[in-house]
Novice: 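If you scroll down you'll find the structure; I have some questions about it.
Just so it is clear: chains get the letters A, B, ... in the order the sequence lines come, proteins before strands, and each one is counted from 1.
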Protein chains: 2
Amino acid sequence: MGTRSRTDERSTAERILDVAEQLVQNRGYNAVSYADVAAELDLTKAALHYHFAGKAELGEALLNRYVTRFAQALAVIDAKPVDATSKLTSYADLYLDVLQRQRMCLCGMLAAEFQTLPEPMRTIVVRFFKDNETWLSRVLSQGRTEGTLHFTGSTREAARFLIAALQGAMLVARPFEDTVRFRKAVSSLIAGLESKPSAHL
Amino acid sequence: MGTRSRTDERSTAERILDVAEQLVQNRGYNAVSYADVAAELDLTKAALHYHFAGKAELGEALLNRYVTRFAQALAVIDAKPVDATSKLTSYADLYLDVLQRQRMCLCGMLAAEFQTLPEPMRTIVVRFFKDNETWLSRVLSQGRTEGTLHFTGSTREAARFLIAALQGAMLVARPFEDTVRFRKAVSSLIAGLESKPSAHL
DNA sequence: GTCTATAGGCAGATAGAC
DNA sequence: GTCTATCTGCCTATAGAC
């Protein structure tokens, strides 16, 4: 545990973020201490304070990196000229990857703990959701134009619904240690967007 | 703060549970201390230990009461001879009530913190979701029989999807302090069950 | 049933040597 | 950059008086 391999050339700051990220996504921000992170890296708490002044700064750095990476992943999806449905599937796969590594979405986790977060962290969590909303809105709009996706209401409303459903599916899947639950929820979600809604009367 | 009113005849144990419940649903289990609860009731930490041996026992008592109350609320819904759609609406209203009191569903919150919970609490959280699944499955089954609800896949799968979507909608609504988001998510959910799915080709 | 007092531990954080 | 040592404060928990 924590023994640095010869080929591990990431900076200490990066390795601290890696460990902290894993721990926070798994246990929550309030259940992770400097001691936990330091132990996993065979460092002392003081060494952590050298790289990140305090827990709030560590949390902020953690969030910024996560949000940036997520945005990059979305850019990769955008780069492929595919239909809206396969973009949505790729999007859901991002969440599935997180879940399969025994983690909750960092921002989903922090949304639960939101009331206890320092203001700078709150701002970033909110921005994450807004950015996801915006990206999904564009994909949904594309789908409507293509005629591949069908939904009532605004694209933004549908985007919000997608985010909520995915976050909730992750949240509930974890206590059951059941990624199948999550996959089925994704299938239901996408199926619901592919079929034309028709009034029942 | 904490001054007991003349007409407040709940037992101290109940009042402790009330305060602890509010705090945990708002901040999370790991962010609530005996001191927080005691302060709000003008009691000492030692007095709390008299009623609940430790934090794990308090958490367990909290959960048991919550699960029992939720089951009672579902029984009330079942008592009315109404169609499945209005049962679902009443079900969603239970969550809306929680959200409007600045809270997350207790078990949704604890699902996020699941990895840090003592085993007895974990068991109850899982049971909560299973019980909800079972109850919703029956309502969905009723709706299918009535011809008022339409969905593909098993009732259990649809029930799981509903729970995930509602929990996720609460989770995300809170950072935005926006109950409208939640209401719209509920509308989308129920609308999706009322319309007949039809292939788009 | 509630209190004071206190134990023992871990939290986040800092000073200063190397 | 990392260490040892230490600080202060809060945590859960207990003993024993009232």
Novice: Measure the distance from OH on Tyr29(A) to P on dG12(C) and round it to the nearest whole Å.
Specialist: 8 Å
Novice: Side chains of Glu119(B) and Thr123(B): donor-acceptor distance under 3.5 Å anywhere?
Specialist: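 The answer is yes; a qualifying pair exists.
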Novice: Determine yes or no for a side-chain-to-main-chain donor-acceptor pair under 3.5 angstrom, with Glu113(A) supplying the side chain and Tyr29(A) the backbone.
Specialist: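 Yes; judged by distance alone, with no hydrogens or angles, the pair exists.
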Novice: Looking only at side-chain N and O atoms, does Thr12(B) come under 4.0 Å of OP1 or OP2 in dT2(C)?
Specialist: yes
Novice: If only atom types and distance count, is the side chain of Asp83(B) paired as donor or acceptor with the main-chain N or O of Thr148(B) below 3.5 Å?
Specialist: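 Side chain of Asp83(B) to backbone of Thr148(B), a donor-acceptor pair under 3.5 Å: no, none is there.
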Novice: Using a strict cut-off of less than 4.0 Å between a Lys/Arg side-chain nitrogen and an Asp/Glu carboxylate oxygen, indicate whether Arg181(B) and Glu133(A) qualify as a salt bridge.
Specialist: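 Salt bridge between Arg181(B) and Glu133(A), a charged N being under 4.0 Å from a carboxylate O: yes.
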Novice: Just checking Thr44(B): base, sugar-phosphate only, or nothing, at a heavy-atom cut-off of under 4.0 Å?
Specialist: base
Novice: In whole angstrom, give the distance that lies between atom CG of Asp42(A) and atom P of dG1(D).
Specialist: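 One finds 18 Å between P of dG1(D) and CG of Asp42(A), rounded.
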Novice: Whole angstrom is fine here: how far is it from CD in Glu14(A) over to C1' in dG1(D)?
Specialist: 16 Å
Novice: Grab the OH-C1' distance between Tyr34(B) and dA5(C) for me, whole Å please.
Specialist: 18 Å
Novice: For DNA chain C, determine which residues of residues 47-59 of chain B have any heavy atom closer than 4.0 angstrom to one of its atoms, and list them numerically.
Specialist: Ala47(B), Tyr50(B), His51(B)
Novice: Could you state the atom-to-atom distance from NZ of Lys45(B) to C1' of dG1(C) in whole Å?
Specialist: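 Lys45(B) atom NZ is separated from dG1(C) atom C1' by 18 Å.
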Novice: So what does Val37(A) hit on the nucleic acid, given a heavy-atom distance under 4.0 Å: a base, only sugar-phosphate, or nothing?
Specialist: nothing
Novice: How close do Gln25(A) and Met104(A) get, heavy atom to heavy atom, and via which atoms?
Specialist: NE2-O, 2.8 Å
Novice: Side chains of Asp93(B) and Ser90(B): any donor to acceptor distance under 3.5 Å?
Specialist: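 Distance-only check fails for Ser90(B) and Asp93(B).
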